[in-house]
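In what follows, every heavy atom counts, from backbone to side chain, and hydrogens, waters and symmetry copies are set aside. Order of listing sets the numbers, starting from 1, for every ligand and every atom in it. Residue indices begin at 1 and follow the sequence shown.
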Amino acid sequence: MASQSGVPNTAIVGLQWGDEGKGKFVDVLAAEHDVVVRFNGGANAGHTIVVEGEKLALHLMPSAVLNPDCELVIANGTVIDPSILVKEIELVEARGLSLEGRFHVSSRAHVVLPWHSLLDGAAEARLSNRGEAIGTTKRGIGPAYADKIGRSMAVRIGDLLDEPYLKAHLGKMAPLRLEELKVAGNDSAIDIDTLLSDLLRLGERLRPYITDTTWLLHDRVNENRSLLFEGANACLLDVDHGTYPYVTSSNASALGISPGTGLPAKSLGRVVGVVKAYSTRVGGGPFPTELDDAIGNRIRDRGHEYGTTTGRPRRCGWIDLVALRYAAMVCGADSLAITLLDVLSGFDVIKLCTGYRTASGEVLDRFPPDARLLKECIPVYESHPGWAEEIDQCQSISDLPEACQSYLHSLESHLGVPIEFVSVGPDRRQTMRRTLQPNSGEDSCCHPGSLENA
Ligand code: GDP
Ligand code: IMO
Ligand code: MG
């Protein structure tokens, strides 16, 4: 599918464990799309945009908010804490940006209720006692999706506009929930009348934006508008295809787009996989290339690797090509955006994980489906010479040190997916773009002059 301007409907998805710089690329690519759509997750996401030194961190609102001509959609596959969304609307409006007529929230999206975050915290405390914590963001994401699938205890965004229904529904389910919380060791007093009036007030605030986004998105497709899908979380955190159970509770790979929007799979034109030039992970779970040493600390310091949502230090390590090959395959990545490349300046040697050695000595080149097996895997590395120069002011690939260009070339040839973008700093303008030729192969990658500024 392509719009009148010839721009195909595009997905921006993370191919690692999150925080790859998706927000930056949504902001960059929004300029050439008409509608930007969040299709999964909730306020567990933290997407950062930097324009001319000014920073904006968003959790629910699509990251195209600074593009005034873009329509913004939060579609049905998301879980929304309405108080966080209203705060974000106010933050955006305080910057003088209008949302009127261009922001839409699905009436089918699910509501994150106060007990979801409490249940999330209680489950984590229980797991933590056994040394098995997922390390969730405690934003109630898992319990909210569990209620969606369970059906009887869920509230959808559209329900916030139906007072009699909401009152009756909360009246039936709240006592069960408070009992459940008590059993979980949490006797937080949630007053149901106060909760009802809070939800109705938030619903009124959101009323101008609430709509059936499934019809709206189909209308936009029929009008030949170009759509940009903004993935939250990332492929290796996908509940079906990630490092289960150390994942989030939604389809955070590109596979989540269809169920999360109501658009058929054929609506998707191309997928841009966003990849950090190294690896990070927040929270628990296997991470074969993790560096719990001075190199890992150096990456964390240079990359300011602290969570956008929780402020937690991110675990850091070398790039993992076994995991990336799998994620690019699952997401159907047509091209890559390599981010935070500037962080790798000043390392004598940069390592790339090309295989996993298992306890039995076998070397795997296929990402295993079992987190317990992954935990036992020892990375097999290829070493690559580093570069000393800072690169954050480089304007094109040909400006990059030779060793840096060669590192990009190695990534591309190992992954078999062309690099379309290279990011050397958080700002919009610190972005290089290569015009990809149809069927372009690895040979054409990163040749000086083959990339240009976005
Ligand atoms: P997201 O969740 O994928 O949108 O990523 P986050 O916003 O959580 O984390 C990425 C962080 O890296 C943010 O602070 C960005 O501003 C920053 N960032 C993005 N691209 C680059 C880059 O190329 N270089 C540097 N140094 N920072 C970047
Ligand atoms: P963005 O969109 C990094 C991780 C959490 C935890 C696991 C489950 O900013 O890339 P959850 O609260 O979803 O139940 O937590 O998933 N996680 C993320 N890590 N970036 C994210 O989003 C994440 N969203 C969830 O740290 O390990
Ligand atoms: Mg993030």
Side-chain angles (χ1 to χ4, degrees), residues 12-28 38 40-51 53-60 62-63 78-79 112 116-117 119-121 123-124 127 133-146 230-239 242-250 252 273-278 280-287 299 301-315 337-345 390-392 394 421-432:
I12 301 279
V13 287
L15 297 188
Q16 294 159 311
W17 284 286
D19 306 323
E20 297 90 349
K22 299 174 292 292
K24 168 177 171 161
F25 275 92
V26 169
D27 172 61
V28 166
R38 270 282 306 263
N40 78 298
N44 51 352
H47 294 181
T48 318
I49 313 161
V50 181
V51 181
E54 244 193 283
K55 185 164 152 178
L56 183 62
L58 297 166
H59 302 286
L60 286 166
S63 302
T78 58
V79 287
V112 178
H116 289 139
S117 319
L119 289 167
D120 193 353
E124 281 291 276
L127 286 170
I134 295 169
T136 73
T137 58
K138 299 193 185 148
R139 294 289 164 106
I141 305 298
Y145 276 115
E230 174 173 0
N233 330 124
C235 185
L236 300 178
L237 292 171
D238 184 292
V239 66
T243 49
Y244 191 88
Y246 300 97
V247 291
T248 189
S249 299
S250 70
V274 188
V275 176
K276 256 180 213 192
Y278 48 91
T280 61
R281 177 162 205 168
V282 208
F287 180 3
I299 293 176
D301 287 350
R302 282 189 58 87
H304 307 291
E305 293 292 359
Y306 295 89
T308 311
T309 300
T310 59
R312 288 178 290 177
R314 295 177 183 144
R315 301 156 66 193
I338 304 294
T339 58
L340 292 114
L341 186 61
D342 51 301
V343 173
L344 292 185
S345 289
E390 294 295 346
I391 58 170
D392 58 326
C394 287
F421 300 94
V422 176
S423 170
V424 292
D427 203 281
R428 224 186 230 178
R429 62 189 168 72
Q430 291 171 297
T431 313
M432 303 162 202

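- In the model, Tyr278 has a side-chain atom that pairs as donor or acceptor with a side-chain atom of Glu305 under 3.5 Å.
- Residue Gly46 places at least one N or O, backbone or side chain, under 3.5 Å from an N or O of ligand 1.
- Backbone and side-chain nitrogen or oxygen atoms of Glu20 are examined, and one is located within less than 3.5 angstrom of a nitrogen or oxygen of ligand 1.
- By the 3.5 Å distance cut-off applied to N or O atoms, Gly46 is counted among the residues near ligand 2.
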Quiz item: Given the rule in the side-chain contact (heavy atoms from CB on, under 4.5 Å) test, do Val422 and Thr431 qualify, once you have shown the distances and angles that lead to the verdict?
Solution: CA-CA 6 Å; Val422 176; Thr431 313; over 6 Å; no
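- Counted by atom type alone, Thr136 and Asn44 present zero donor-acceptor pairs between their side chains at under 3.5 Å.
- When the options Gln430, Lys22, Arg428, Arg314 are ranked by their closest heavy atom to atom 11 (C) of ligand 1, first place goes to Arg314.
- The part of Val247 lying near ligand 2 is the backbone, judged by heavy-atom distances below 4.0 Å.
- Using a 4.0 Å heavy-atom cutoff, Gly18 is absent from the residues neighbouring ligand 1.
- Ligand 2 has an N or O atom lying under 3.5 Å from an N or O atom of Val282, backbone or side chain.
- Polar contact with ligand 1: present for Asp19 (N/O pair, distance under 3.5 Å).
- In summary, the side chains of Arg312 and Thr310 do present a donor paired with an acceptor at a separation below 3.5 Å, with no hydrogens or angles considered.
- Excluding waters, the protein N/O/S atoms found under 2.8 Å from the Mg ion (ligand 3) are Asp19 OD1, Gly46 O.
- Below 3.5 Å of separation, one finds no N or O of Thr136 facing any N or O of ligand 2.
- Within the structure, the closest approach of Gly425 to ligand 1 falls below 4.0 Å when heavy atoms are considered.
- A salt bridge links Asp27 with Arg428: the distance from a Lys NZ or Arg NE/NH1/NH2 to an Asp or Glu carboxylate oxygen falls below 4.0 Å.
- Between His47 and ligand 2, at least one pair of N/O atoms sits closer than 3.5 Å.
- Looking at Arg312 next to ligand 2, an N or O pair under 3.5 Å apart turns up.
- Side chains of Ser63 and Glu230: a donor-acceptor N/O pair is present below 3.5 angstrom, by distance only.
- Taking distance alone, with nitrogen or oxygen atoms compared against 3.5 Å, Asp120 stays at or beyond that limit from ligand 2.
- By the criterion of a heavy-atom distance under 4.0 Å, both the backbone and the side chain of Asp19 are placed next to ligand 2.
- In terms of polar-atom proximity, Lys138 is not counted as a contact of ligand 2, lacking any N or O under 3.5 Å from an N or O of the ligand.
- Residue Gly23 has at least one nitrogen or oxygen atom sitting less than 3.5 Å from a nitrogen or oxygen atom of ligand 1, judged on distance alone.
- Taking any N or O of Leu341, backbone or side chain, none lies under 3.5 Å from an N or O belonging to ligand 1.
- Using a 4.0 Å cut-off between heavy atoms, Tyr246 makes no contact with ligand 2 at all.
- Some N or O of Thr48 is nearer than 3.5 Å to an N or O of ligand 1, by distance alone.
- Ser250 and Asn40 share a donor-acceptor pair across their side chains, judged by distance under 3.5 Å alone.
- Heavy atoms of Arg281 found under 4.0 angstrom from ligand 2: none, in either backbone or side chain.
- If you look at His47 next to ligand 1, the close heavy atoms, those under 4.0 Å, come from the backbone and the side chain alike.
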